[in-house]
Amino acid sequence: MKRTIVLITAAALSFMVSCSDDDSAANDGVQLQAHDDNKMMDTMHGMMDAMAAMEMTHDPDVDFAAMMIMHHQGAIAMANLELQEGSNAAMKSMAQAIITEQQQEIQELQAILSGLAVDDMDMEFMEEQMMGMDKMDAMADQQMITGDIDNDFASLMIIHHQAAIDSASSYLHHGNNTELMAMATAIVEMQSQEIIEMSNWLIANKR
């Protein structure tokens, strides 16, 4: 049975901490780094490339599970980079929490996926997923990044989490698997809270 939820997205929080022009950044004394030179951005792009290369079945249950596994793997890679090179205790603690929770969810998703068969085709769901990936890509491309691992981890993880929320919300409109719908609901709730925490950290630590 399909359900509909009402979601207030957290995207606006991202813009609070990421959307300003180069002149404003210069006036604040922020030193920006080219995206091609940024380790956190490179890690995030690796996840985007893997998801873009995935062969879709057009079955919401199968594709949501498979895409979310890749999405979680990207978050874990970014969090590992934060643990390796970050210096802020709060961000390192959040990175470890993300690794722990998303490794567990990957195991659950893999178990569910192994028992699924392609038995549905929903092109509207596919269109929403593709739009979500394009949105994440566009938001990452306009993001101001500094080369400070802690700052860039928080800034880019907000975008990463928002993409997961959008994907999970779309699945809740189109999916049929009870276990996946419960996981999608948990993703929306947990990652919305983490976006708030990271946004608050960025505001408190604005340079």
Side-chain angles (χ1 to χ4, degrees), residues 1-15 18-19 35 41-78 98 101-143 156-195:
M1 180 177 179
K2 298 181 180 179
R3 296 179 295 174
T4 301
I5 66 167
V6 177
L7 174 68
I8 300 175
T9 71
L13 291 171
S14 174
F15 290 116
S18 67
C19 292
H35 283 200
M41 182 67 76
D42 185 59
T43 302
M44 189 169 179
H45 278 158
M47 177 211 68
M48 293 179 186
D49 291 343
M51 291 180 68
M54 174 183 154
E55 184 175 351
M56 302 295 184
T57 69
H58 308 298
D59 183 307
D61 298 331
V62 174
D63 289 346
F64 173 72
M67 291 178 71
M68 195 54 65
I69 288 170
M70 289 186 181
H71 203 266
H72 280 8
Q73 288 170 339
I76 290 170
M78 293 167 69
I98 287 171
E101 72 192 30
Q102 299 205 5
Q103 283 179 335
Q104 177 62 38
E105 288 184 0
I106 285 174
Q107 293 178 1
E108 295 172 9
L109 287 164
Q110 289 173 332
I112 296 170
L113 185 59
S114 68
L116 294 177
V118 177
D119 58 8
D120 191 15
M121 180 172 288
D122 187 334
M123 298 307 297
E124 183 178 352
F125 174 76
M126 288 307 307
E127 290 174 3
E128 290 176 8
Q129 295 302 299
M130 294 303 100
M131 287 178 62
M133 290 177 64
D134 289 344
K135 174 184 172 183
M136 177 172 59
D137 197 14
M139 290 182 69
D141 283 346
Q142 60 80 44
Q143 178 66 42
L156 292 177
M157 192 58 71
I158 287 172
I159 296 171
H160 188 279
H161 273 12
Q162 185 61 55
I165 291 168
D166 291 346
S167 178
S169 299
S170 174
Y171 179 75
L172 287 169
H173 286 83
H174 297 275
N176 294 293
N177 183 276
T178 302
E179 292 177 285
L180 286 177
M181 294 183 85
M183 290 191 71
T185 299
I187 286 169
V188 170
E189 294 173 353
M190 183 175 295
Q191 298 199 19
S192 292
Q193 181 58 42
E194 289 177 353
I195 284 177

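The side chain to side chain contact (heavy atoms under 4.5 Å, CB included) search around E179 returns I112, N177, not counting sequence neighbours. With sequence neighbours excluded, the residues forming a side chain to side chain contact (heavy atoms under 4.5 Å, CB included) with A66 are M54, L113, listed by chain and number. T57 pairs by the side chain to side chain contact (heavy atoms under 4.5 Å, CB included) definition with D59, V62, D63, V118, not counting sequence neighbours. Checked against ring-ring contact (aromatic ring centres under 6.0 Å, His included), H160 has the following partners two or more places apart in sequence or in another chain: H71. Residues satisfying the side chain to side chain contact (heavy atoms under 4.5 Å, CB included) criterion with E127, sequence neighbours excluded, are absent altogether. Checked against side-chain hydrogen bond (donor to acceptor under 3.5 Å, both in side chains), Q102 has the following partners two or more places apart in sequence or in another chain: H72. Residues forming a side-chain hydrogen bond (donor to acceptor under 3.5 Å, both in side chains) with E194 (at least two apart in sequence, or on another chain): H161.
For M131, the CE atom is loosely surrounded, since the number of other residues' heavy atoms within 6.0 Å does not exceed 12.
Side chain of S167 to main chain of A163: no donor-acceptor pair is present (N/O by atom type, distance under 3.5 Å, no hydrogens or angles). Put simply, the side chain of S170 never gets that close to the backbone of D166: no donor and acceptor are under 3.5 Å apart.
A heavy-atom distance below 4.5 Å is found between the side chains of M68 and I187.
Evaluation of the side-chain hydrogen bond (donor to acceptor under 3.5 Å, both in side chains) test over residues 106-116, restricted to residues two or more places apart or in two chains, returns Q104-E108.
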Show your reasoning for whether side-chain contact (heavy atoms from CB on, under 4.5 Å) applies to M136 and M47.
CA-CA 11 Å; M136 177 172 59; M47 177 211 68; 3.5 Å; yes
